Novice: 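Please see the structure below; I have some questions.
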Amino acid sequence: MAEVVERHGQASAESLQAERPRTRLAGRILSIRFHGKTGFADLYGGGARLQAYFRRDQLGEKGYRLFELLDLGDVIGVEGHLGRTKTGELTVFVAQVTLLAKALLPLPEKWHGLADVEQRYRQRYLDLIVNPGVRQIFETRARIIAFLRRFLEARGFLEVETPMMQLVAGGATARPFLTHHQALDLDLYLRIAPELYLKRLVVGGFDRVFEINRNFRNEGLSVRNNPEFTMLEFYQAYADYRVFMDLSEEMLTGLAENIAGSKKITYLDHSVDFSRWQRLSLREAICEYWLAGSPPKPAELAEATAVRRYAEQHDRWAERHPDRARTAEVPADSSAAVATGHLFEAVAERQLIRPTIVYDFPTELSPLAKQRDDDPTLAERFEIFAGGLELGNAFSELSDPLEQHARFLEQLRRRERGDLEAHQMDEDYVRALAYGMPPTAGEGIGVDRLTMLLTNTRSIREVILFPLLRPLRPEAPPESDSP
RNA sequence: GAGCCCGUAGCUCAGCCGGUAGAGCAUCUGCCUUUUAAGCAGAGGGUCCUGGGUUCGAAUCCCAGCGGGCUCACCA
């Protein structure tokens, strides 16, 4: 159907009258108007719409009777010639009609569409039939993924797939889902990140690899978080985080231009201009976007008690202005690193509308990132923000197996203290590093959030076809054996 | 997990100062041979989310539960 509309959409009434192009197509009826012994129906298919005109004197008794029995939602096939009506609309003048699928249940109303958010997600097929904008979001999502893939392939990156079910859930700070393999009698985690496997591949000689696939994190639902979400991760040997800062700016700016047709896009109430990137250190970002009176100096934020004091100052302000900022709520005994991390999220994150690279994260918060030579308390790591959304995270990879082993041990100590998100030990990964991993840069981009930004949607559920919802009735617990 | 808001026909919603449940679209019947939110005339359609309470009487007031949305928390 889209093809027919594409080919004849511009044709004049005269040329159609002369040619009377024969056509045969199928679609779903979303609107029907009877006029005695004739009638019109609007057919939808493949994202296109085309009007069909039915006449008793053309279809005969039997054919016209079938037309009269059609309901909204039915899928029909029609044969006839194309032309234009009085009002100039491209129309199939139907000679023959066939019922292809009967709708037993009525469609939601055409004018208001389906507005109930819950039903839209539970019955996404109805949402897609009735609300044209929804289809567009997912078409855009597919174009975004295609662009990212083309961009990386053009630069020599190889697409790979690594395990979703892992013995050790590593590569990120998050709680994993647990599952079980019957035949091996083995507990496995759904992956929280592909990172450690992708770096094993770099060790194996794939100097440039990427993966676009699902991650699973056992955490709360929100307008920005769905337990399963799509991540692009890519790794490049013989590069560092500076190289990836440039690459990220190029990739995301190119993406915005390709998808939106402009470097300047609108997200919610904001204008986001990808021709104006800024780069700030984490501490600079805190000072730059400080709201609670006179801001700290970046150097002051290296010291734990000073950071905690500023965090208290911020929290007092934030409590009076809950609409402007969140509270940092820095735990009393936390290090400068942890306190700065909290403070950054509370002060700056929401305000990072314009595309921004925030770098110099504390090493303590970055167990897989290489530390800076001149200051080992800071890691060669950055995050990407735009439109107030955190879009990506990248760093020069830690390739020293001894240092990595020590970092894992530190993470284990945190686990023992009850930190469920702390990394597990991954001995095999450390062993891989011990065979020598070239200096490598790595990056992860949240594809869902990128789609939110580029389709101007405020909820991640709008860009995931089937977001997780509670079941309406508690499902019977699944049998443990597969069928 | 916490706070606030919401749940009425297949869909979108009104009714909420307690007094027999409504509209538009959709469905069914009739009329109408170029309409496009077609039109006109008529008909059918309800677990007012669920359960309890107050009351002579509850969609409406109160309590609990279920589901959803938003904010926060968890979380990059």
Side-chain angles (χ1 to χ4, degrees), chain A residues 13 29-43 49-59 64 68-73 83-91 93 103-123 126-127 129-131 171-176 192-193 215 217-227 229 231 318 322-323 325-327 329 341-342 344-346 349 358 361 365-366 381-385 389-394 419-421 444-446 448-449 458-462 467 469-474:
Chain A
I29 301 171
L30 286 195
S31 166
I32 195 160
R33 300 173 289 283
F34 292 99
H35 292 269
K37 295 171 185 62
T38 70
F40 294 89
D42 294 337
L43 302 184
R49 172 189 165 278
L50 185 64
Q51 176 172 269
Y53 182 49
F54 301 80
R55 299 171 63 105
R56 190 157 74 173
D57 54 15
Q58 289 293 310
L59 288 159
Y64 195 75
E68 285 181 319
L69 288 170
L70 292 175
D71 290 322
L72 296 191
R84 288 195 184 273
T85 56
K86 263 188 201 169
T87 54
E89 177 156 350
L90 185 67
T91 301
F93 291 80
L104 298 179
L105 294 171
L107 286 179
E109 197 210 353
K110 64 189 167 197
W111 187 242
H112 296 94
L114 182 64
D116 180 56
V117 175
E118 178 177 357
Q119 199 182 344
R120 287 185 44 230
Y121 298 157
R122 289 196 196 279
Q123 294 182 273
L126 289 181
D127 194 24
I129 290 171
V130 167
N131 297 322
T173 313
R175 288 181 68 175
I192 55 174
N215 290 345
R217 297 187 184 175
N218 209 335
E219 60 197 30
L221 308 168
S222 82
V223 84
R224 296 174 176 179
N225 295 70
N226 194 63
F229 64 99
M231 185 95 140
D323 50 321
R326 305 192 317 218
T327 50
E329 285 163 41
H342 276 86
F344 167 73
E345 286 178 18
E349 188 165 351
V358 177
F361 277 68
L365 303 180
S366 318
R381 171 180 171 194
F382 68 90
E383 290 193 347
I384 304 166
F385 296 86
L389 292 172
E390 181 199 332
L391 296 176
N393 179 25
D419 181 354
L420 294 167
E421 287 95 32
I445 302 264
D448 311 277
R449 288 187 184 164
R458 63 175 278 106
S459 169
I460 198 167
R461 286 179 216 111
E462 293 294 336
L469 298 176
R470 276 198 176 81
L472 276 180
R473 258 168 265 109

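Note that this is a predicted model, so its numbers are computed, not measured. Per chain, numbering begins at 1; letters A, B, ... match sequence-line order.
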Novice: If you only use heavy atoms from C-beta on, which nucleotide in B/rU12, B/rG67, B/rU34 is closest to the side chain of A/Phe40?
Specialist: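 The nucleotide sitting nearest to the side chain is B/rU34.
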
Novice: Between B/rU35 atom C1' and A/Phe34 atom CZ, what is the distance in whole Å?
Specialist: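 Taking atom C1' of B/rU35 as the reference, CZ of A/Phe34 is at 12 Å.
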
Novice: Please determine whether a side-chain nitrogen or oxygen atom of A/Lys86 lies at a distance below 4.0 Å from atom OP1 or OP2 of B/rA38.
Specialist: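 Indeed not, no polar side-chain atom of A/Lys86 lies that close.
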
Novice: Provide, to the nearest angstrom, the distance between the CG atom belonging to A/Leu365 and the C1' atom belonging to B/rC75.
Specialist: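 It works out to 14 Å between those atoms.
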
Novice: Taking atom C1' in both B/rC11 and B/rG46, compute the distance separating them and give it to the nearest angstrom.
Specialist: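 Comparing C1' positions in B/rC11 and B/rG46 gives a spacing of 14 Å.
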
Novice: Whether A/Arg461 contacts B/rG68 is assessed here as follows: a side-chain N or O lying under 4.0 Å from the phosphate OP1 or OP2. Is that the case?
Specialist: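 Checking A/Arg461 against B/rG68: no side-chain N or O falls below 4.0 Å of OP1 or OP2.
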
Novice: Using the C1' atom as the reference point in each nucleotide, state the distance between B/rC16 and B/rA59 in Å, no decimals.
Specialist: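 It works out to 8 Å between them.
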
Novice: Between B/rC75, B/rU12, B/rU35, which nucleotide gets closest to the side-chain atoms of A/Glu345?
Specialist: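 It is B/rC75.
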
Novice: Indicate whether OP1 or OP2 belonging to B/rG67 is found under 4.0 Å from a side-chain N or O atom of A/Arg470.
Specialist: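 Yes.
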
Novice: When you measure from the side-chain N and O atoms of A/Gln119 to the phosphate of B/rC11, is any distance below 4.0 Å, counting only OP1 and OP2?
Specialist: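 So the side-chain polar atoms of A/Gln119 do come within 4.0 Å of the phosphate oxygens OP1 or OP2 of B/rC11, strictly under.
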
Novice: Among B/rU35, B/rC74, B/rU34, which is the nearest nucleotide to the side chain of A/Glu421?
Specialist: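 That would be B/rC74.
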
Novice: Give the nucleotide from the list B/rU27, B/rA37, B/rU33 with an atom nearest to the side chain of A/Leu72.
Specialist: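 Ranking B/rU27, B/rA37, B/rU33 by closest atom to the A/Leu72 side chain puts B/rU27 first.
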
Novice: If we take the P atom in both B/rC62 and B/rC17, what is their distance in whole Å?
Specialist: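 About 10 Å, rounded to a whole number of Å.
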
Novice: Which is more 5' along RNA chain B, the nucleotide nearest A/Asp71 or the one nearest A/His112? Just name the residue.
Specialist: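 The 5'-side residue here is A/His112.
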
Novice: Check the phosphate of B/rA38 against A/Ser31, side-chain N and O only, distance under 4.0 Å to OP1 or OP2. Yes or no?
Specialist: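 The answer is yes; a side-chain N or O of A/Ser31 sits under 4.0 Å from OP1 or OP2.
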
Novice: Hey, are A/Arg49 and A/Glu89 close enough for a salt bridge, meaning a charged N less than 4.0 Å from a carboxylate O?
Specialist: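 Salt bridge: yes.
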
Novice: In whole Å, what separates the P atom of B/rG18 from that of B/rC25?
Specialist: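 My reading of the P atoms in B/rG18 and B/rC25 gives 32 Å.
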
Novice: Name the nucleic acid region contacted by A/Gly113, choosing base, sugar-phosphate or nothing; use a 4.0 angstrom heavy-atom cut-off, strictly under.
Specialist: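 Sugar-phosphate, backbone atoms only, no base.
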
Novice: Send over the distance from A/Glu462 CD to B/rG69 P, rounded to a whole Å.
Specialist: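 Taking CD of A/Glu462 and P of B/rG69, I get 10 Å after rounding.
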
Novice: Identify whether any heavy atom of A/Phe229 sits under 4.0 Å from a base atom; if not, whether one sits that close to sugar-phosphate; answer base, sugar-phosphate or nothing.
Specialist: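 No contact.
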
Novice: How would you label the contact of A/Leu105 with the nucleic acid (heavy atoms, under 4.0 Å): base, sugar-phosphate, or nothing?
Specialist: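 Since no nucleic acid heavy atom lies under 4.0 Å of A/Leu105, the category is nothing.
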
Novice: Quick one: is A/Lys110 getting a side-chain N or O under 4.0 Å of the B/rA26 phosphate, OP1 or OP2?
Specialist: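 Answer yes for this pair, as a side-chain N or O of A/Lys110 is under 4.0 Å from OP1 or OP2.
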
Novice: So if I take every side-chain heavy atom of A/Glu109 and compare against B/rU12, B/rC75, B/rG69, which nucleotide ends up nearest?
Specialist: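 Between B/rU12, B/rC75, B/rG69, the one nearest the side chain of A/Glu109 would be B/rU12.
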
Novice: Using a heavy-atom cut-off of 4.0 Å across all strands, would you classify A/Val130 as base, sugar-phosphate, or nothing?
Specialist: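 No contact at all - A/Val130 keeps every heavy atom at 4.0 Å or more from the nucleic acid.
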
Novice: So if I take every side-chain heavy atom of A/Gln51 and compare against B/rU35, B/rU12, B/rC32, which nucleotide ends up nearest?
Specialist: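 The nucleotide sitting nearest to the side chain is B/rU35.
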
Novice: So how far is it from A/Asp71 CG to A/Ile29 CD1, rounded to the nearest 0.5 Å?
Specialist: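 Going from CG on A/Asp71 over to CD1 on A/Ile29, the span is 8.0 Å.
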
Novice: Please determine if a side-chain N or O atom of A/Arg33 lies less than 4.0 Å away from the OP1 or OP2 oxygen of B/rA38.
Specialist: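 Yes, such a contact exists.
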
Novice: Would you mind telling me which of B/rU34, B/rC25, B/rC32 lies closest to the side-chain atoms of A/Lys37?
Specialist: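 Closest nucleotide to the A/Lys37 side chain: B/rC32.
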
Novice: Using a distance-only test with no angle check, is there a side-chain donor-acceptor pair under 3.5 angstrom linking A/Arg461 and A/Asn226?
Specialist: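 No, because no side-chain N or O of A/Arg461 sits under 3.5 Å from a partner of the opposite role on A/Asn226.
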
Novice: Please state the C1' separation for the pair B/rU8 and B/rG45 - nearest whole angstrom.
Specialist: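 Straight-line distance between the two C1' atoms is 14 Å.
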
Novice: Using the P atoms only, state how far B/rC6 lies from B/rG53, rounded to an integer number of Å.
Specialist: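 Per the computed distance, 25 Å lies between those P atoms.
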
Novice: What's the closest nucleotide to the side chain of A/Pro106 if the choices are B/rU34, B/rU35, B/rG10?
Specialist: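 The listed nucleotide nearest to A/Pro106's side chain is B/rG10.
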
Novice: Identify whether any heavy atom of A/Leu221 sits under 4.0 Å from a base atom; if not, whether one sits that close to sugar-phosphate; answer base, sugar-phosphate or nothing.
Specialist: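 Base, at least one base heavy atom under 4.0 Å.
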
Novice: Compare side-chain N and O positions of A/Arg120 against OP1 and OP2 of B/rG68 and report whether any pair is under 4.0 Å apart.
Specialist: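 Result: no.
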
Novice: Provide the closest heavy-atom pair for A/Ala41 versus A/Phe54 in the form atom of the first, atom of the second, distance.
Specialist: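 That closest heavy-atom pairing would be CB-CE1, 3.8 Å.
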
Novice: Side chain of A/Phe93 only, please: which of B/rC13, B/rC75, B/rU34 is the nearest?
Specialist: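 Closest nucleotide to the A/Phe93 side chain: B/rU34.
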
Novice: Touch check for A/Asp57, heavy atoms < 4.0 angstrom, all strands: base, sugar-phosphate only, or nothing?
Specialist: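 Base contact.
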
Novice: With the side chain of A/Val117 defined as its heavy atoms from C-beta on, choose the nearest nucleotide among B/rC74, B/rU71, B/rG69.
Specialist: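 Selected nucleotide: B/rG69.
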
Novice: Find the distance A/Asn225:CG to B/rC72:P and express it as a whole number of Å.
Specialist: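 Interatomic distance, CG of A/Asn225 to P of B/rC72: 12 Å.
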
Novice: Once side chain to side chain donor-acceptor pair (under 3.5 Å) is applied, do any residues pair with A/Asp127, and if so which ones, sequence neighbours excluded?
Specialist: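 For A/Asp127 the side chain to side chain donor-acceptor pair (under 3.5 Å) partners, ignoring immediate neighbours, are A/Arg120, A/Arg124, A/Asn131.
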
Novice: Does B/rC70 have its OP1 or OP2 closer than 4.0 Å to a side-chain nitrogen or oxygen of A/Arg224?
Specialist: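 Checking B/rC70 against A/Arg224, no side-chain N or O comes under 4.0 Å of OP1 or OP2.
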
Novice: Please state the P separation for the pair B/rA26 and B/rG68 - nearest whole angstrom.
Specialist: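 Taking atom P in both B/rA26 and B/rG68, they lie 32 Å apart.
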
Novice: Would you measure the distance from the C1' atom in B/rA58 across to the matching atom in B/rC63 and give it in whole Å?
Specialist: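 Nearest-Å result for B/rA58 against B/rC63 at atom C1': 14 Å.
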
